[in-house]
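Notes to accompany the following structure.
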Amino acid sequence: MNTALSRQIGPKADDRAVPVLALSGIRKTFPGVVALAGVDFDVRRGEVHALLGANGAGKSTLIKIATGLYQPDAGEIRINGEQFTFAGTADAIGNGVSVIYQDFALVPHLSVAENVFLGSERRTRWGCVDWATTHSEARRLLDQVGASIPTTTPVSDLGAGQRQLVEIAKALRGEVKLLVLDEPTAALSHGEAERLFEIVRRLAASGVAIIYVSHRLEEIAPLVDRVTILRDGRSVGTYPVDALDREKVVTLITGRDHKRRHRRSIPDGFDDQPVLEVSRLSRSGNYRDISLTVRKGEVVVLTGLVGAGRTEFLQSLFGVRTPDSGEVWLNGKKIAPATPREAIAAGIALIPEDRRGQGISLILPVYENITLPIIDRFVALFRLSVKRQVTHACDLIETLAIKVSSPFAAAATLSGGNQQKVVLAKWLSADVGVFLFDEPTQGVDVGAKEEIYTLIDDLAESGKAIVVVSSDMEEVLEIADRVVTMREGRIVGEFVNKGLSARTVVEAITHG
Amino acid sequence: MAESVNKGKTRIAARIGIDPAIVGPTTALILMFIIYSTLSPYFLTLQNMTNVLVQSAPLMILASGQTFALLMGGLDLSQGSIVSLVSVVTAVTLMTYGIEIGAAAGLGAGMLVGLVNGFLVGRARIQPFIVTLGMLYMIAGAALVFSGGSAVFGLPKPDVDIFFWFGGGFIGFVPVPTLIALIMIAGAHFILSRTPIGRHVYAVGGNEQVAMMSGIDVGRVKIFIYFMSGSYAAIGGFMLSGRVISGQPLLGSGDLLLQSIGAVIIGGTSIFGGRGGVLRTILGVLVVAFMVNGLNLLAISTFTQQVIVGAIIILSVWVNSLRRKSS
């Protein structure tokens, strides 16, 4: 109904000239911040228009204005050439604007079909929920996006990739003229992302205008027609995708000439004395028979598909999930941490994947986030010294170049990259010899990403033993001394990162 | 429009360096003072002010303890029952063994309840609401069982005078209960703002997972929180019991508990945890205490008062949420 119908009833804009959505001179300020300072942006029928920018560049604000969540302070919104003021999101949806947000907006305990029609339930004549129609229409929408999930499955039983498909089906339930995707591949595996791209391509071909918000142009380049780059609330230009390369994009996003990071040269040999030794560690349902040795100054990267058991393995080393069998030795001493507290005391730190859920407390000030694990050190005469905590935090803020308005600012006000640095800062001053990183650059913008790589290098050079879990192949090859591939909870390959190609690693992951 | 007014207020508050969260209750307090002092000549007298401070001292102590529980994102429903238990245990023990042992037994019983709450929440990991709801019933029942269902009167001299001194005595001009309340408040404030365990309370309330992953023993923090809440309730109960110089098995069964939770909320501590503090709570207690006092002076019935206090609780949370939205 949706795409086909919209083509018929839409105004005569098939001459692609009149944009489906045109924003001009959009300005939006929040107390103390100019989020957007006069941005022009448009998207045409059948076009995939990428919106790039660092965290805090104004992408989200622009999307929220385009979808009626925020009202602009100044500027004009035109839909199919007509000036428009959205009264709210419902109004935007009514006008054919649909959004798929980064964090899935699905209710876990409701069925797939109910989620698809949440807020616009199919009703019978008597006003009750029309289950037959709900399920049959949900089925049709799911088929349209190539998802074979039964409509009665609760969403909580689905993986990230399937949830994303349900999100898209939900976005397509009405008559859609404009679809906004906000970092849609953040939680997806490679195969799932490919499938999503295919769907986006199909939708564009059927005439839907698509805004695609992302950090990573490399990934989406084949999909995109035009690219607009935002920096500090301004548009720094709209380009056809062919006119851009990686270097240029990074320069435009960060606003400074981008020099590639100087990668730490991989040492030829390591101390023979291992720091961390894992021997046949197993946990049923998560991972099996994992044996791994990490030496002083070494960066070992565990890679594999989502669900390969890597996160659970790291969590076991950190005392979050107790393994069923196997042994862990740290500096020649056997350890079996049952809580993070014990793991930290033994000298292990974890920088978790779920940053907002486990790594950083958004409502606490930055300085307290940093001093949280070592707060006892700031007690003098039974009294906690805020001053000394702040001084300590400021040192680390400087060392790690964390961008923050004040050490007292709530962590929620920081960008993803800077939040990640705060999480790292937490552990730098703790007496820790082993650093476990779980997807350290997820949701982090280009500039901060490279800074985090450099920090990991520095840690290795200072003699720490490091284990990183990463799915980003470029990242794996960038930081690893040794790459260990995992599939379905087992180690299936191990490579020294010398002349290693992404292809070799990917093959090991999928067939190894 | 309410939102823009609020935004303005917040900005002014930020400029002169005060916590915008206290603007609401402070404004309410000032308004009340203006209205009541105009309507009742008795309101602004030293006698009345002292009365309010003495009468609200137990509530101040209870609410200070309750603040710990709310900061964690929990709540302590057993405070009222603890007050009753402390009252009867103290009185019954005092009869035979004197004030020292009576006080130790009474306060000890209350603290023990707090500790049990803490272990059930922190180690058995049962929801605070469930634990303290169950405890509300158990302890209320225990207080009745212990006293045989009736009040304990006729406490012996001179112990009873010392007992009363805690609830209604004076040191010079200063009422003892108010003094004790001030010391308890200062203690709670110090713990929450200046000790690692106090900061851990905020960390657990802000995000329990993050706290756990940072190496904090979350269970221990919870035990501490409910121990504090129970202990503060015990001290408040001891004081209240001293004032009525008897053991009353229903002393805490009135709206003391709800006032305690209400005052914390009116003060601006978030029920989701992580935000707030004990000084705000005191402001909340003052709003409740003066509101009730003023309405009493104006001869407005307690029934009407309940309606008004309830409305203020909702209003204060609403104002707070508007403020958050605007910032």
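A note on names: the letters A, B, ... follow the listed sequences, proteins ahead of strands, and every chain is numbered from 1. Heavy atoms only: backbone and side chains are in, while hydrogens, waters and symmetry mates are out.
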Reported [atom1]-to-[atom2] distance for the pair [X] and [Y], which is rounded to 0.5 angstrom:
X      : Y      : atom1 : atom2 : answer
A/T339 : B/M212 : OG1   : CE    : 9.0 Å
A/I375 : B/I197 : CD1   : CD1   : 10.0 Å
B/M213 : A/D354 : CE    : CG    : 8.5 Å

Atom of A/I363, atom of B/G273 and distance for their closest heavy-atom approach: CD1-O, 3.8 Å
Flag side-chain contact, heavy atom, 4.5 Å: B/T195 against A/R383: no
Pairs touching residues 352-391 of chain A that satisfy ring-ring contact (aromatic ring centres under 6.0 Å, His included), sequence neighbours left out: A/Y367-A/F408, A/F378-A/H392
Below 4.5 Å from any heavy atom of chain B, which atoms of [X] appear? Answer side chain, backbone, both or neither.
X      : result
A/E368 : side chain
A/I344 : side chain
A/S361 : both

Side-chain (B/N207) to main-chain (A/R356) donor-acceptor, under 3.5 angstrom: yes
Member of A/I374, A/T371, A/L372 meeting the side-chain contact (heavy atoms from CB on, under 4.5 Å) criterion with B/S214: A/L372
Residues in salt bridge (charged side-chain N to carboxylate O under 4.0 Å, His left out) contact with A/E312, at least two apart in sequence or another chain: none
Please tabulate, for the side chains in residues 120-133 of chain B, all donor-acceptor contacts under 3.5 angstrom to protein atoms that are two or more places apart in sequence or on a different chain.
unit_1 : atom_1 : unit_2 : atom_2 : d
B/R123 : NH1    : B/D217 : OD1    : 3.4
B/T132 : OG1    : B/L77  : N      : 3.2
B/T132 : OG1    : B/P128 : O      : 2.8

Part of residues 422-439 of chain A lying next to chain B, heavy-atom separation under 4.5 Å: A/K426, A/W427
